[in-house]
2 protein chains.
Amino acid sequence: MMREATRTAGGGSRPDRPPGSAGEPEGSEETTADRLLVLAAELFRQKGYGLTTTRELASRLGIQKASLYHHMRGKEDLLFAISMESLRRITEAVTAARDSADADRRLHAMIMAHMETALRDQDMHTTMLIELRALSEERQKEVRAQRDAYQDLLRSVISDDQSAGRLRGDIGAEYLTLSLLNLLNWTIFWFTAGGERTIDELAAMMSTIFLDGARVRQP
Amino acid sequence: MMREATRTAGGGSRPDRPPGSAGEPEGSEETTADRLLVLAAELFRQKGYGLTTTRELASRLGIQKASLYHHMRGKEDLLFAISMESLRRITEAVTAARDSADADRRLHAMIMAHMETALRDQDMHTTMLIELRALSEERQKEVRAQRDAYQDLLRSVISDDQSAGRLRGDIGAEYLTLSLLNLLNWTIFWFTAGGERTIDELAAMMSTIFLDGARVRQP
DNA sequence: GTCTATACTTCGATAGAC
DNA sequence: GTCTATCGAAGTATAGAC
């Protein structure tokens with residue numbers, strides 16, 4: 001899960017999980033490296049990358065500062081690992097949605113998948129989206145490339161839908177895609193799990209507004 | 001402009017500008033306090049509040065670190081002043097738009113005003129929106145109250161439009177407002193002045209998508 | 001894998017002269 | 001209003017024992 005950010009993971013000190021298994025095996029212990037990644041995402045979202053200290057990461061994990069460096073190379077590695085993992089997950093989920101729906105339900109399914117993933121991984125996803133600037137230039141490039149690849153996924157479908165006459169053609173696919181991402185992404189700032197609406201309800205609303213608009217149809 | 005953040009502004013050491021004058025008087029010198037506020041907004045957006053140093057603020061202004069403290073009480077004051085000023089401006093602009101348009105063009109006019117203000121003050125506005133968490137709790141409360149007041153401005157109009165049958169009623173005014181703000185606000189992350197679209201073109205697109213949706217109308 | 005101890009850097013902010 | 005000089009706190013990261 002955080003291959004790039006640890007010295008040990010994948011290095012053979014623990015038996016590997018079956019490749020392709022999505023979730024944690026039932027009841028298995030969680031590694032400190034994994035807990036660190038999850039905690040870092042939480043703090044990065046809550047306080048910002050720059051104001052999150054390794055001291056707090058350590059104390060919240062119940063270990064000493066120095067012990068952290070057994071599980072990561074440095075603070076920036078955490079941010080990078082979070083960003084890449086978050087993009088990997090949403091790309092995977094939305095690709096699956098694209099491939100399993102009819103043409104006229106495809107975009108709706110992708111919107112649902114996007115929202116479900118982004119809000120379920122809210123800490124990681126938010127961190128990826130707004131703390132990009134804190135990464136080194138090379139790593140920013142790498143994250144940006146992944147992000148662009150993800151957005152192309154949406155754009156190509158939107159573009160197809162335009163060609164097929166399902167979506168309006170007077171606004172370019174580029175800007176239709178940006179608008180859709182606007183609509184979906186900002187939700188990370190105000191969504192709270194357990195609030196008055198479920199993720200699926202919100203996702204359905206967004207899909208409706210994007211596709212049909214807020215205005216009442218003139219007869 | 002930054003009354004709350006300086007020791008001197010408004011304190012009588014310089015003649016006050018005529019009250020109510022919006023812009024700078026023609027050719028007048030800009031105070032160091034004003035330059036500091038603008039620069040801080042630029043850096044806060046670019047690097048984040050936590051990673052922006054007073055050292056860089058000073059060096060970019062061409063003065064010594066210590067001299068900064070003649071113009072501000074502390075780094076956090078800058079963030080607070082930026083946030084409040086940004087909200088003051090957008091509230092003013094959108095209120096004016098609300099009051100000067102017919103009922104059936106009102107929301108469109110407010111969308112245009114929102115985008116024009118938010119993107120023209122992109123540094124300040126972005127900082128206000130995403131660095132809120134770095135403020136002290138009391139100041140966060142104050143900013144949040146202003147932000148809520150601004151959002152109520154939009155919501156009350158949206159609610160009216162629903163009652164009048166101009167906007168769909170199957171999604172509550174609360175969520176229609178949140179969706180609209182989603183759509184508009186995320187633009188701050190990708191808009192660049194001088195790009196291929198003007199602010200007004202983008203604003204018009206957003207207005208169209210929000211009101212009419214992306215889907216082609218079925219005959 | 002965790003510890004104690006600490007090196008080294010950078011931070012925001014202040015003192016006090018001019 | 002700006003300067004030189006500096007303080008004390010906090011930051012990331014490392015050394016080396018267990």
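Numbers restart at 1 for each chain; the letters A, B, ... are given by sequence-line order, proteins then strands. Computed from heavy atoms alone, side chains included, the values below leave out hydrogens, waters and symmetry copies.
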Spacing of M72(B) atom CE relative to dG1(D) atom P, expressed in whole Å: 15 Å
What pairs of nitrogen or oxygen atoms, one from the protein and one from nucleotides 16-18 of chain D, lie under 3.5 Å apart?
none

Of all pairs that satisfy ring-ring contact (aromatic ring centres under 6.0 Å, His included), the ones with a partner from residues 128-151 of chain A, not counting sequence neighbours: H114(A)-Y150(A)
Distance-minimising heavy-atom pair for T91(A) and L153(A): O-CD2, 4.1 Å
Degree of bending, the helix from dG1(C)-dC18(D) to dC18(C)-dG1(D) (end axes from five pairs; round to 10°): 10°
Report, one pair per line, the protein and nucleotides 6-8 of chain D atoms (nitrogen or oxygen only) whose separation is under 3.5 Å.
from	atom 1	to	atom 2	distance (Å)
dT6(D)	O4	K65(B)	NZ	3.3

Rounded distance in Å - CD (E56(A)) to P (dA9(D)): 20 Å
Separation of dA13(D) C1' from L78(A) CG (nearest whole Å): 13 Å
Residue-phosphate contact under 4.0 Å: S67(A) side-chain N/O, dC3(C) OP1/OP2: yes
Contacts of E142(A) that satisfy side chain to side chain donor-acceptor pair (under 3.5 Å) - sequence neighbours left out: none
Qualifying residues under salt bridge (Lys or Arg N to Asp or Glu O under 4.0 Å), relative to E131(A), sequence neighbours excluded: R133(B)
Interatomic distance, Y69(A) OH vs dT4(C) P [rounded to whole Å]: 16 Å
Hey, can you pull the donor-acceptor pairs under 3.5 Å for the side chains in residues 192-201 of chain A, sequence neighbours left out?
from	atom 1	to	atom 2	distance (Å)
E196(A)	OE2	Y175(B)	OH	2.7
T198(A)	OG1	E201(A)	N	3.1
E201(A)	OE1	T198(A)	N	3.0

Taking distance alone, no hydrogens or angles, what donor-acceptor pairs closer than 3.5 Å link side-chain atoms of residues 39-47 of chain B to residues at least two apart or in another chain?
from	atom 1	to	atom 2	distance (Å)
E42(B)	OE2	R60(B)	NH2	3.1
R45(B)	NE	D123(B)	OD1	2.6
R45(B)	NH2	D123(B)	OD1	3.2
K47(B)	NZ	E56(B)	OE1	2.7

Interatomic distance, Q64(A) CD vs dT14(D) P [rounded to whole Å]: 17 Å
Sequence-distant partners of R88(B), side chain to side chain donor-acceptor pair (under 3.5 Å), two or more places apart: E85(B), E92(B)
Of all pairs that satisfy salt bridge (charged side-chain N to carboxylate O under 4.0 Å, His left out), the ones with a partner from residues 172-183 of chain A, not counting sequence neighbours: R155(A)-E174(A)
Residues in side chain to side chain donor-acceptor pair (under 3.5 Å) contact with R35(B), at least two apart in sequence or another chain: none
Salt bridge flag under 4.0 Å for residues D161(A) and R106(A): yes
Partner residues of R55(B) under the side chain to side chain donor-acceptor pair (under 3.5 Å) criterion, sequence neighbours left out: none
Nearest-angstrom distance from the residue atom NZ of K75(A) to P of dT14(D): 15 Å
Atom-to-atom span, CG of L51(B) to P of dG12(C) - whole angstrom: 10 Å
Of the listed nucleotides dA13(C), dT2(D), dT4(D), the one nearest the side chain of H71(B): dT2(D)
Value in whole Å for how far the P atom of dT4(D) lies from CG of L68(B): 14 Å
Y49(A) vs L51(B) side-chain heavy atoms within contact, under 4.5 Å: yes
Phosphate OP1/OP2 of dC3(D) contacted by H70(B) side-chain N/O (<4.0 Å): no
Sugar-phosphate only, base, or nothing, as touched by T53(B) at under 4.0 Å among non-hydrogen atoms: sugar-phosphate
